[in-house]
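Fair warning: this is a prediction, and the values are worked out from it, not measured in the lab. Here is the naming used below: chain letters follow the sequence lines, and residue numbers restart at 1 for every chain.
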Amino acid sequence: MSDSLQAMKSTPLKSTQGWITFRTDAWWVEPLLTLIILGSFGMYATWAALQGVNYQWGPYLSPFYSPNLVEWFPQWFGSWPFSPAVLILPFPLVFRATCYYYRKAYYRSFFTSPPACAVDITGQAPKSPLALLLGQGKGYTGETAFPLILQNAHRYAFYFAALFIFILGYDAIKAYVWTDGFHVGVGSLVLTINVALLGLYTFSCHSWRHLLGGCIDCFSCDKMTQVRHKAWERQSLLNEKHMQFAWASLLWVAFSDIYVRLVSSGVWTDYRLF
Amino acid sequence: MTSYNTKYETHTHDVVVVGAGGAGLRAAIEASSQGLSVALVCKSLLGKAHTVMAEGGVAAAMANVDSADGWQTHFKDTMKGGKFLNNWRMAQLHAQEAPDRIRELERWGAVFDRTPDGRILQRPFGGHTYRRLCHVGDRTGLELIRTLQDKGVHSGIDVFMECTLTHLLKDGDRISGAFGYWRESGRFVIFNTKAVILATGGIGKAFKVTSNSWEYTADGHAMAYNIGAEMIDMEFIQFHPTGMVWPPGVKGILVTEAVRGEGGRLTNNKGERFMQNVDPERMELSTRDIVAKAINREVKEGRGSPHGGVFLDISYRGADYIKKKLPSMYHQFMELADVDITKGPMEVGPTTHYTMGGLRVDPESQQTNIPGLFAAGEVSAGMHGGNRLGGNSLSDLLVFGRRAGLGAAEFAKATQQFPSINDADVEKAIVEVSEPFERDKGESPYAVHRDLQDLMQNKVGIIRKEAELHEAVTELQALKERARVCSVEGSRQFNPGWHLALDLRSMLIASEAAARCALQRKESRGGHTREDFPEYDAHWSTVNSTIRKDGDAMAVSTSPLPEMPSELKQLFEEAK
Amino acid sequence: MSKQAVFNVYRGSQEGGDFQEFTVPVEEGMVVLDAMHYVQGFLCPDLAVRWNCKAAKCGSCSAEINGKPGLMCKTRIDDLPIESPVSVQPIKSFPIIKDLVTDVSWNFEMNKKITPFTPDNEDVSSWRYYQEDVDRVQEFRKCIECFLCQDVCHVIRNHEQKPKFVGPRFMVRLASLEMHPMDRVDRLPFIKEEAGIGLCNITKCCTEVCPEDIHITDNAIIPLKERVVDEYYDPVVGLLRGIGILPKRNKKKP
Ligand SMILES: Cc1cc2nc3c(=O)[nH]c(=O)nc-3n(C[C@H](O)[C@H](O)[C@H](O)COP(=O)(O)OP(=O)(O)OC[C@H]3O[C@@H](n4cnc5c(N)ncnc54)[C@H](O)[C@@H]3O)c2cc1C
Ligand code: SF4
Ligand code: SF4
Ligand code: FES
Ligand code: FES
């Protein structure tokens, strides 16, 4: 090497370049997208839940308003002054909020803790005020202190969510039963896909994986654990896709509400396939 | 016990184990279980020793898969694979004790692949009559070292990581300690001890194309040689038939024999399975020396692959199977060479892999000819003779690591007083290690190392010739002189240039021993192939090569092989 | 002249340091570690780099390349944007010794705190367990202790929780023991308290960097969190275990 000595000149990098990270790729795209999509969903869902109208059309019921409390329990909810969705949505909300995947997504995008890997939000770097919930610096408490310690109750949210899948399944079936008999409208399919995606999301849950078989140390030990091992193995395949199901079901549930809402308000027409 | 002075720190332990690979860790665990204070010293971090790279498996006649297997068959395979140059007693002990050592590992938390009936699974390997290699996918060495490491750290062993020893110290005839430096600070260290166990591994870094890591610089060989220990059979170097050949940066990285164990097929550029002509019975699973030479011939005669190797194909076994049984090979080729081995063949060629030769030890206790100095693992010799069977090294580490630990513990217990450290020896060591800093106009040690690697690769490599070996011996003298006067920049704090300058001296000793023994042995056998003497020779089948330091010169000679007792000889008769 | 790449390599020690620029000729298939070896061999013999196997098997050569934690021997130069200089620096979460070498001894101390494998039946030859029992455990045992996950984990990296949190590497180790069919020690109190599993907010950076592709968060940490929930936060499981509908944990105090 003739130019070896020449190559040894020292040029210090500007120290500011390492202020947050030395990463040169577009690390901010993912948290930003999450922020935008989750944020938009949140706003839309709040708005839609507060409407209290246009959530039903023909045999279709918006998933935000399922179960149909007013119809099922008129004696209790008939005189409820607000939108019934306000009573319903907290369940799926808590389920998603305590979901292991969403925790990752919002701790990164909303809490900037951390926004992306090896992106260091310390010292002077701008951080989200929500980051304070996790504690900062040496005072970091993660999920060990109130309120985030409540994340540990995720499995209870799962129990309710599982119940909802049955209710939404009932809604989806009902979406084929018209006053003039059995028919398939586009909305029937929308609601069927909705319950399918929500089902996949719900039953690919980590808590469910644990309860099914993850909590067992010796799978081969007896008949029962062998059966549970098989179940756990299958569920693990779904669990690997939990993130994809989370997004797909989130977008689709919003779309289902939009669909019912626009059809019911007359903006869209529901096509009957047969 | 530790004391400090301005020049160095001194630690006192009953037993000092040099090297934290499989052999060193197993030895330390054993010595410490005898109630002694044990220091474990290693050049790199704990758990990073060469053993971690072992892939295919560990051989032990557990008979879990093939119930006909037993120690006698394992013993016979080992002797045959070693071309009968093995120390029969070591081969016997190894075959008899390996299964217990494996069970012990399982007891300590190793998790081997399982048979359908819930026992340790075993796979076939070259030269082994039965399916014998206990394994964990293709990362068996990692399992072994992690298990021993976790066992070791809870056994009260004092671990000295990133501490390189350069000199052994004697009190009269027997060992009294060792001298070295902390890699991190460059500070000098002395261990005062009753017994030393060397488990420093091999010499592969003296070659250019090698599967070995930077640690394989023959320090153990050289330290022991310098204080009068005897080495044997240094011409026997195993060239593993399958290393990566492309891209250039990864040339030499090992492709585990497990690929062939799982059914991989070798072909030349004509699509011929050339092993058919060489060893039609065992084909790809012939012993390593034979397969390596066959590949070498294909390439030399123009039937090689585009990048100077041959093809090895496992893809017909299906992607799922390959990813399950050979996951790291799959990733290695995918990530380093852009080759998907589940879809097509890989290109492979021979790579320097293992040193059969090393320190001569007593088969029962692993003691060398220096009282108090023990050796185990790749640095010791005798067990594998002229060629090692795959999987026999990991079991060797366990069996003889334990024996060395016991041997050293007994020796230390029988020693009432700590031997004394000779100040003059320490001063001399300090001068020798500091020298490279004293010169500022010398050559870079990296340049000398590159030339050494080229020399060894070209002239003491897989096929050897009288004239080239003569040249090698002469050129090694010149390299020694260059190494003596090379200089390093910077400070003593974590300075790889300095480390290499010191390691070079060890590599040169081992290289010279290899070259001189290769010149002496006028025959071809196992890992030693002479183009001018291509056959076995009756005389050479009865002797080990020996190497000793004689003043400033290296004395190479021979000594008769120990005679196998008749009941063991009988085993081979019965087979006929 | 052949293709070249410029590397900005951090050079320094506890006393401080800075980046130094090196131009290295690039060959096909070359990895960052090759470039560092070139620097040592031709430009700067005392550049401190830790490495052993050069085959992604030993976990010695961890560094941050263009800000991303990774193994130098596994990072291909053709995958890097070499139009601009590539930065190479030591892993950030551990004290620097020199250049790219850091003091990772803290990890070895954490390991020592973990109660090792403890079966209650010592007679190994009678042991029978099956591949399906150990698939999970074997995934965890693939760990090569590169400590990249420890480096990237923000709990350690940004919040200096070293004393209270063992880090993802040792969550993996704990999971391998906790799920071993023959092990009989109850490490849940340790996992909750000393190991500090609640500090992990499952943001998955450990999984992103793991060169062994261990699903650290999904397969080790979350299942351990769920086991901690069983033991400490779920009154129903407690009740069902108490009245014998669910089996009690077959584990002893360490
Ligand atoms: C890629 C590869 C795959 C392999 N696969 C298999 C296989 O499948 N089956 C099998 O049986 N064998 C296999 N082998 C061979 C086997 O792994 C080695 O022979 C064996 O691990 C050597 O172990 P050891 O304990 O003797 O030394 P090592 O594990 O190499 O340990 C040497 C130790 O000595 C220390 N040391 C060296 N010099 C000094 C010094 N001067 N001061 C202080 N410490 C020092 C080092 O730091 C290290 O801790 C393989 C080898 C390679 C390279
Ligand atoms: S998932 Fe938990 S352990 Fe892993 S990097 Fe994130 S906080 Fe750390
Ligand atoms: S878990 Fe993965 S990233 Fe962490 S130390 Fe082990 S191999 Fe490295
Ligand atoms: S983990 Fe996502 S729903 Fe339970
Ligand atoms: S050198 Fe072993 S992992 Fe990179």
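- Checked by atom type and distance alone, the side chain of B:His154 pairs as donor or acceptor with a backbone atom of C:Ile114 at under 3.5 Å.
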Open item on the list: Working note: B:Lys324 + C:Asp135, criterion salt bridge (Lys or Arg N to Asp or Glu O under 4.0 Å); need CA distance, chi angles, decisive distance, verdict.
Closed with: CA-CA 10 Å; B:Lys324 175 112 190 120; C:Asp135 278 336; 3.3 Å; yes
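- Looking at C:Lys98, only its side chain comes within 4.5 Å of chain B, counting heavy atoms on both sides.
- Proximity to chain B (any heavy atom under 4.5 Å) is shown, for C:Glu212, by neither the backbone nor the side chain.
- With a 4.5 Å cut-off on non-hydrogen atoms, B:Phe112 touches chain C through its backbone but not through its side chain.
- Both tests hold for B:Arg450 against C:Phe42: distance to the six-membered ring centre under 6.0 Å, angle to the ring axis within 45°.
- Residue C:Asp34 touches chain B through its side chain alone, counting heavy-atom pairs closer than 4.5 Å.
- A salt bridge links C:Arg50 with B:Glu162; the closest basic N to acidic carboxylate O contact falls under 4.0 Å.
- Residues C:Lys57 and B:Gln332 have side chains in contact (heavy-atom distance under 4.5 Å, counting atoms from C-beta outward).
- The candidate from C:Ser125, C:Pro119, C:Pro116, C:Gly29 with the greatest count of non-hydrogen atom pairs under 4.5 Å with chain B is C:Pro116.
- In the model, B:Asp113 has a side-chain atom that pairs as donor or acceptor with a side-chain atom of C:Gln138 under 3.5 Å.
- At a threshold of 4.5 Å between non-hydrogen side-chain atoms, the residues C:Arg173 and B:Asp150 count as touching.
- Contact check for C:Arg76 versus B:Glu335: no side-chain heavy atoms found under the 4.5 Å cut-off.
- In terms of non-hydrogen atom pairs under 4.5 Å with chain B, the most contact-rich of C:Met182, C:His180, C:Arg128 is C:Arg128.
- Both the backbone and the side chain of B:Leu46 come within contact range of chain C, judged by heavy atoms closer than 4.5 Å.
- Interatomic distance, C:Phe117 CZ to B:Arg107 CZ, rounded to the nearest 0.5 Å: 7.0 Å.
- The ring pair (Phe, Tyr, Trp, His ring centres under 6.0 Å) check on C:Tyr130 picks up nothing, with sequence neighbours excluded.
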Task: Stepwise salt bridge (Lys or Arg N to Asp or Glu O under 4.0 Å) test for C:Glu145 and B:Arg146 - done: CA-CA 10 Å; C:Glu145 299 208 322; B:Arg146 200 67 78 230; 3.8 Å; yes
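- Interface residue C:Val49: only backbone heavy atoms are found under 4.5 Å from chain B.
- By the 6.0 Å and 45° rule, B:Lys48 stacks over the aromatic ring of C:Phe147.
- Between chain C and the options B:Gly490, B:Pro248, B:Gly141, B:Ser185, heavy-atom pairs under 4.5 Å are most frequent for B:Pro248.
- Considering only heavy atoms from C-beta on, B:Pro247 stays 4.5 Å or farther from C:Met30 through its side chain.
- Only the backbone of C:Leu47 has a heavy atom closer than 4.5 Å to any heavy atom of chain B.
- Side chain to side chain, C:Asp46 and B:Trp498 fail the donor-acceptor criterion of an N or O pair below 3.5 Å.
- Looking at C:Glu27, only its side chain comes within 4.5 Å of chain B, counting heavy atoms on both sides.
- In this structure the side chain of C:Asp99 never reaches within 4.5 angstrom of the side chain of B:Phe494, judged on heavy atoms.
- Distance alone, capped at 3.5 Å, places no donor-acceptor pair between the B:Arg119 side chain and the C:Tyr129 backbone.
- Neither the backbone nor the side chain of C:Thr118 comes within less than 4.5 Å of any heavy atom in chain B.
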